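It should be emphasised that the depicted structure is a prediction, and the values quoted were computed from it without experimental measurement.
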Amino acid sequence: MDLTQITQVDNALLQACLEGSVEALSHAVQHGAVATRARDPMGATCLHMAAMGGHLDVAAWCVEQGVSPKAGDAQGVLPLHACCFNGHLAVAGWLVDGPLGEPGAGGAKEAKEARRARR
């Protein structure tokens, strides 16, 4: 993947994930952004961005869209590293208990509750 070819809608999706803006995220997707395609120039995914911002509901959406929690950026940084580095331990716990743990492990309930609370 050529990381220099980032579309405007993908960039908007990445920014929405970083900010935790569900409205902007929805707008970007409606205009063609694809969660599994979007990466910043350093290779960070939208899950990295949600993790950096500490947005559990958006992180859960990214995983539901198929973004791998095991995908590293250009330097090998995982979304788990990003949330820990930024002090977002709730997101880190969710990643470890859910997507990074065994299939069907915990974390899904907390993510759904976080999404409901934002509506």
Report the distance from atom [atom1] of [X] to atom [atom2] of [Y], rounding to the nearest 0.5 Å.
X     : Y     : atom1 : atom2 : result
Leu13 : Ser26 : CG    : OG    : 10.5 Å
His55 : Cys46 : NE2   : SG    : 12.5 Å
Leu95 : Leu47 : CG    : CG    : 6.0 Å
Arg39 : Met49 : CZ    : CE    : 10.5 Å
Leu14 : Leu25 : CG    : CG    : 10.0 Å
Thr45 : Gln65 : OG1   : CD    : 12.5 Å

Please report the shortest heavy-atom distance between [X] and [Y], naming the atom on each side.
X      : Y     : result
Val91  : Leu56 : CG2-N, 3.9 Å
Leu100 : Lys70 : CD2-CG, 3.6 Å
Asp10  : Ala33 : OD1-CA, 3.5 Å
Val9   : Gly32 : CG2-C, 3.9 Å

Answer whether the closest heavy-atom distance between the side chains of Val29 and Trp61 falls below 4.5 Å.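 Yes, close enough: below the 4.5 Å cut-off.
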Would you call Arg37 and Thr7 a side-chain contact if the rule is heavy atoms closer than 4.5 Å?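 A side-chain contact exists here, since the closest heavy-atom pair is under 4.5 Å.
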Backbone N/O of Glu23 and side chain of His27: donor-acceptor pair under 3.5 Å: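 A pair under 3.5 Å: no.
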Identify each donor-acceptor pair in which a side-chain atom of residues 74-89 lies under 3.5 Å from a protein atom, sequence neighbours left out, and give them as a table.
| unit_1 | atom_1 | unit_2 | atom_2 | d |
| --- | --- | --- | --- | --- |
| His81 | ND1 | Leu78 | N | 2.9 |
| Asn86 | ND2 | Ala82 | O | 2.8 |
| His88 | NE2 | Met52 | O | 3.0 |

